[in-house]
K.L.:
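Structure provided below as structure tokens; questions to follow.
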Amino acid sequence: MDVTSIIDPLNEPQRKAVTASSKPMLIIAGAGSGKTRVLTHRIAWLIKIENLSPHNLMAVTFTNKAAKEMKDRIENLLEIPVNNLWIGTFHGIAHRFLRRHAENVNLDKNFQIIDSDDQLRIIKRLMKNLNIDTDQFAPKELQYFINKKKDEGLRPNEIDGKNDSELTQQIAFYRSYQDICDKGSLVDFAELLLRTHELLAHNPDLLSHYQRKFKHLLIDEFQDTNVIQYAFMRLLVGQQGLPFVVGDDDQSIYRWRGAKMEHIDQYQKDYPNTEIVKLEQNYRSTANILNAANAVINNNEIRMPKELWTEDSSGELIKIFSAFNEREEAAFIMGKIEDWVNDGNKRSEIALIYRSNAQSRVLEEALINKSVPYKIYGGLRFFERLEIKDALAYLRLVYFQNDDASFERIVNKPTRGIGAKGLDTIRNIAKDKQTSLWEAANDICKADKTGKSYSKLSAFISLINKMKRETDTLEISEKIDHIINLSGLVELYEKEKGEKGYTRIENLSELVSAAKGFEGDEDMSILDSFLAHAALEAGDEQANEWEDCVQLMTMHSAKGLEYPLVFMCGMEDGLFPHQRSMANPKNLEEERRLCYVGITRAKKLLYLTYAEQRRLHGIDNFSPSSRFLDEIPKELTDEIRSNYQKTTYITQNAKNYKSRFTSEAPFQLGQRVLHKKFGEGTIMTYEGESAHARVQVNFDNFGSKWLVVSYANLDLI
DNA sequence: CACGCGCGATTTTTT
DNA sequence: ATCGCGCGTG
């Protein structure tokens, strides 16, 4: 292969990045600036031109999907399959390290990965055992605490309790939780990273081995790395390594789960001879769209100065549509979708993106109504579905009998007479003898063959043993198939009303097919490998790919994707930016970045829509249009007037107002009011009747407040 | 022990 | 509006 095929398709800055030598690199890649291209060509360059062996580099991506895509593109570029290439997510790579060197960090070779759902179950269980009041700590709070500390690289004894009793309790809980995991050889997501970091930090020989091996470390979506991931990079790069990181501070949208875009600055401090390359030419959007995005993001205080540009023409103006309510918003979008398709375009070129999942409902209903095929991204992932987790719990218990979490999950599912009380007995025995629940159950059966629960428990034990016996020599997919058949799960789901049960059973057979073509990883057994796969990978549904569908997704899941026609729906203050992010400037800036991400998804045509009235969680909300709309220069936009439907809706609304607002609360939603302390504001939402009525007022200078009408002394303006 | 009602919460998502 | 979970009852 010659240099030209790698270099020719690149612009100047891209080329600079791809051909860089012997320097830590920082690539700031704006939206649509060819980031993935740079990464893949960089890898091709290293292998083909610098003759680097493929196993001397590591490439880290944010999602499994991105990893797969990168691998494919590299293989395409090099025209040879690249096996044993270390490309994956931080978690996937950490997992690989741990399987290889489990014994170095006191892990059982057969350790199992637990997902957040499993983790939460364990936490709830433990809270009960320790008599921790759920009023004092919500299980999710403790889960969040533990994961946060792990993401920061902290073990319980590294956290300072500061005489803070609440904090001290949380630390103690973290310690107990970890104890449970260690005893059961369970590793949660954050633990994968933390353990791997410790593995390398505490084993100098191993570390230097891997430092020599991975001379080149490439990291994508660098702005979204958390503390432990950054530390992992630092460790692996060592003194001689050459890190090559690619990111965009403007697209950092995961601060709320520990991502630190500050790592971009930190990196430059830690590697003083860093060469920075900025990719600012955008190949995706029209100039109007790009300029709108630039204008919005320019309102952020904290960002690296840069401005995307394009050679593309201005294109269409950005359309802004104000609807009366969410249904009219949806109806408007349906009309535009129809136009698009009638013009001979594909539905799959259309994306409907929104801030929160709850918004998808109305859109879905409208799409169904018009018989428009659509696909929703996100929502619950395949391997997270209840029926899949149930089936896998059987599989796990059959082959890893000390897996207490799985035992608890399925011991009475379907119900077989081993309820809370029976389970308690088992738990107590397990606790006393320091054994697993499985062993405790076996002990009970051996000890007393006359007890009431004996027959039930022993039937369960026989079932699991039978599963083991009959599937031991089978292929993984046959194992799963047979275990499902013996479990009674199918019969259980059949009883569920509606289509739900039917779907569940379908999913079970899909699980079997998923296992059929599954190829394991070299470092572990196929069973371990499959279970790890189930925990670490979402299980992308590629099913509907052939069908021409409108795409629905949140703005978060839209990152990295692009569509000719994009609708950003629900552009209302309170929804986007989200209410919970409006008060804190840093959070507001993150919302603005999210808006920037949204806008830059569009290639040709962008619609921004909002509703004056929106029913959310059963109550009507009246919000002003999103402040982000005001940040787009007027000359780039085209405000579309609503049509005849206006009158219909106004009468409808007037009726609602009348019936809801009695003479005692002479306010209307949208009414401007004056408050002694907070000044002027607009009534957004109401709740309750007459004397108990409360209103939510969005004050111009104080944000939104809930006030009881009878005390608030609001003056009408 | 199983089932059913009621209460509370309900941004964003990967791994 | 809806869904899941926890507690109380049959």
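Proteins come first, then strands; the chains are lettered A, B, ... in the order of their sequence lines, and each starts at number 1.
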K.L.:
Along nucleotides 1-10 of chain C, 5' to 3', which nucleotides get a B, which get an S, and which get a -, given that the test is a protein heavy-atom distance under 4.0 Å?
P.N.:
BS---S----
K.L.:
Could you work out, with ring-ring contact (aromatic ring centres under 6.0 Å, His included) as the rule, every residue matching A:Tyr354, not counting sequence neighbours?
P.N.:
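Partners of A:Tyr354 by the ring-ring contact (aromatic ring centres under 6.0 Å, His included) criterion come out as none, since no residue qualifies.
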K.L.:
Any donor-acceptor pair under 3.5 Å joining the side chain of A:Ser557 to the base of B:dT12?
P.N.:
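No, no donor-acceptor pair under 3.5 Å.
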K.L.:
Can you measure A:Lys140 atom NZ to B:dT13 atom P for me and round it to whole angstrom units?
P.N.:
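Answer to the nearest Å: 13 Å.
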K.L.:
Does B:dT13 have OP1 or OP2 sitting under 4.0 Å from an N or O in the side chain of A:Asn357?
P.N.:
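For B:dT13, OP1/OP2 do have a side-chain N/O of A:Asn357 under 4.0 Å.
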K.L.:
Please name all residues satisfying ring-ring contact (aromatic ring centres under 6.0 Å, His included) with A:Tyr596, sequence neighbours left out, ordered by chain then number.
P.N.:
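In terms of ring-ring contact (aromatic ring centres under 6.0 Å, His included), with neighbours along the sequence ignored, A:Tyr596 is linked to no residue.
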K.L.:
Students often get this wrong, so: under 4.0 angstrom with heavy atoms, is A:Tyr254 touching a base, only sugar-phosphate, or nothing?
P.N.:
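If one applies the 4.0 Å heavy-atom cut-off, A:Tyr254 turns out to touch the sugar-phosphate alone, with no base involved.
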K.L.:
Could you tell me how far apart A:Asn587 (CG) and B:dT11 (C1') are, to the nearest whole angstrom?
P.N.:
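Atom CG in A:Asn587 sits about 11 Å away from atom C1' in B:dT11.
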K.L.:
Out of B:dT11, B:dT15, B:dT13, which has the shortest distance to the side chain of A:Trp256?
P.N.:
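The answer is B:dT13.
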K.L.:
Strictly below 4.0 Å, N to O, side chains only: are A:Asp620 and A:Arg615 in salt-bridge contact?
P.N.:
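Yes.
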K.L.:
Under 3.5 Å, which N/O atoms of the protein pair with N/O atoms of nucleotides 1-4 of chain B?
P.N.:
| unit_1 | atom_1 | unit_2 | atom_2 | d |
| --- | --- | --- | --- | --- |
| B:dC1 | OP1 | A:Gly417 | O | 3.3 |
| B:dC1 | OP1 | A:Gly419 | N | 2.6 |
| B:dC1 | OP2 | A:Ala420 | N | 3.3 |
| B:dC1 | OP2 | A:Lys421 | N | 3.0 |
| B:dA2 | OP2 | A:Asn412 | ND2 | 3.3 |

K.L.:
Answer yes or no: side-chain N or O of A:Arg580 and base N or O of B:dT11 forming a donor-acceptor pair under 3.5 Å.
P.N.:
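Checked by distance alone, the answer is no.
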K.L.:
Can you list the residues that meet the side-chain hydrogen bond (donor to acceptor under 3.5 Å, both in side chains) rule with A:Glu221, with sequence neighbours excluded?
P.N.:
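Applying side-chain hydrogen bond (donor to acceptor under 3.5 Å, both in side chains) to A:Glu221 gives A:Lys35, A:Gln223, A:Lys559.
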K.L.:
From the set B:dT13, B:dT15, B:dT11, return the single nucleotide nearest to any side-chain atom of A:Thr554.
P.N.:
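Closest nucleotide to the A:Thr554 side chain: B:dT13.
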K.L.:
Calculate the interatomic distance between A:Glu141 atom CD and B:dA9 atom C1'; express it in whole Å.
P.N.:
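Rounding to the nearest Å, CD of A:Glu141 and C1' of B:dA9 are 13 Å apart.
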K.L.:
Measure OH/A:Tyr144 against C1'/B:dT11 and give the value in whole Å, please.
P.N.:
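For the pair A:Tyr144 OH and B:dT11 C1', the rounded distance is 13 Å.
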K.L.:
Who pairs with A:Glu589 by side-chain hydrogen bond (donor to acceptor under 3.5 Å, both in side chains), at least two apart in sequence or on another chain?
P.N.:
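Applying side-chain hydrogen bond (donor to acceptor under 3.5 Å, both in side chains) to A:Glu589 gives none.
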K.L.:
What's the CG-P distance between A:Asp188 and B:dT15, to the nearest Å?
P.N.:
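Checked: the CG to P distance equals 16 Å.
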K.L.:
Starting at atom NZ of A:Lys148, determine the distance to atom P of B:dT13, rounded to an integer number of angstrom.
P.N.:
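Computing the A:Lys148:NZ to B:dT13:P distance gives 21 Å.
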K.L.:
With sequence neighbours excluded, what pairs up with A:Phe62 under the ring-ring contact (aromatic ring centres under 6.0 Å, His included) test?
P.N.:
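So A:Phe62 forms a ring-ring contact (aromatic ring centres under 6.0 Å, His included) with A:Tyr254.
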K.L.:
Return the set of residues passing side-chain hydrogen bond (donor to acceptor under 3.5 Å, both in side chains) with A:Asn357 (not counting sequence neighbours), or none when no residue passes.
P.N.:
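By the side-chain hydrogen bond (donor to acceptor under 3.5 Å, both in side chains) rule, A:Asn357 matches no residue at all.
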K.L.:
Roughly how many Å is it from CG in A:Asn621 to P in B:dT11, rounded to a whole number?
P.N.:
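Interatomic distance, CG of A:Asn621 to P of B:dT11: 12 Å.
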K.L.:
Tell me, please, which residues at least two apart from A:Glu364 pass salt bridge (charged side-chain N to carboxylate O under 4.0 Å, His left out).
P.N.:
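Expected list: none.
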K.L.:
Determine whether the aromatic ring of A:His556 stacks with the base of B:dT12, defined as ring centroids separated by less than 5.5 Å and ring planes inclined by less than 30°.
P.N.:
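No; by the centre-distance and plane-angle rule, A:His556 does not count as stacking on B:dT12.
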K.L.:
List for me each residue that meets ring-ring contact (aromatic ring centres under 6.0 Å, His included) alongside A:Phe400, sequence neighbours excluded, and say none if there are none.
P.N.:
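Not a single residue meets the ring-ring contact (aromatic ring centres under 6.0 Å, His included) criterion with A:Phe400.
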K.L.:
State which of B:dT15, B:dT11, B:dT13 makes the closest approach to the side chain of A:Glu384.
P.N.:
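The nucleotide sitting nearest to the side chain is B:dT15.
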K.L.:
The criterion is side-chain hydrogen bond (donor to acceptor under 3.5 Å, both in side chains); which residues satisfy it with A:Asp390, sequence neighbours excluded?
P.N.:
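Applying side-chain hydrogen bond (donor to acceptor under 3.5 Å, both in side chains) to A:Asp390 gives A:Arg409, A:Lys413, A:Tyr493.
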K.L.:
Do other residues, nucleotides or ligands put more than 12 heavy atoms under 6.0 Å from the CD atom of A:Glu491?
P.N.:
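Enclosed: over 12 neighbouring heavy atoms sit under 6.0 Å from CD of A:Glu491.
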K.L.:
Quickly work out the A:Tyr354 OH to B:dT12 P distance and round it to whole Å.
P.N.:
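That distance rounds to 10 Å.
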K.L.:
Can you list, by residue number, the residues of residues 87-96 of chain A that have a non-hydrogen atom closer than 4.0 angstrom to DNA chain B?
P.N.:
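Correct list: A:Thr89, A:His91.
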K.L.:
If the threshold is 4.0 Å, N to carboxylate O, is there a salt bridge linking A:Glu631 and A:Arg627?
P.N.:
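Answer for the salt bridge query: no.
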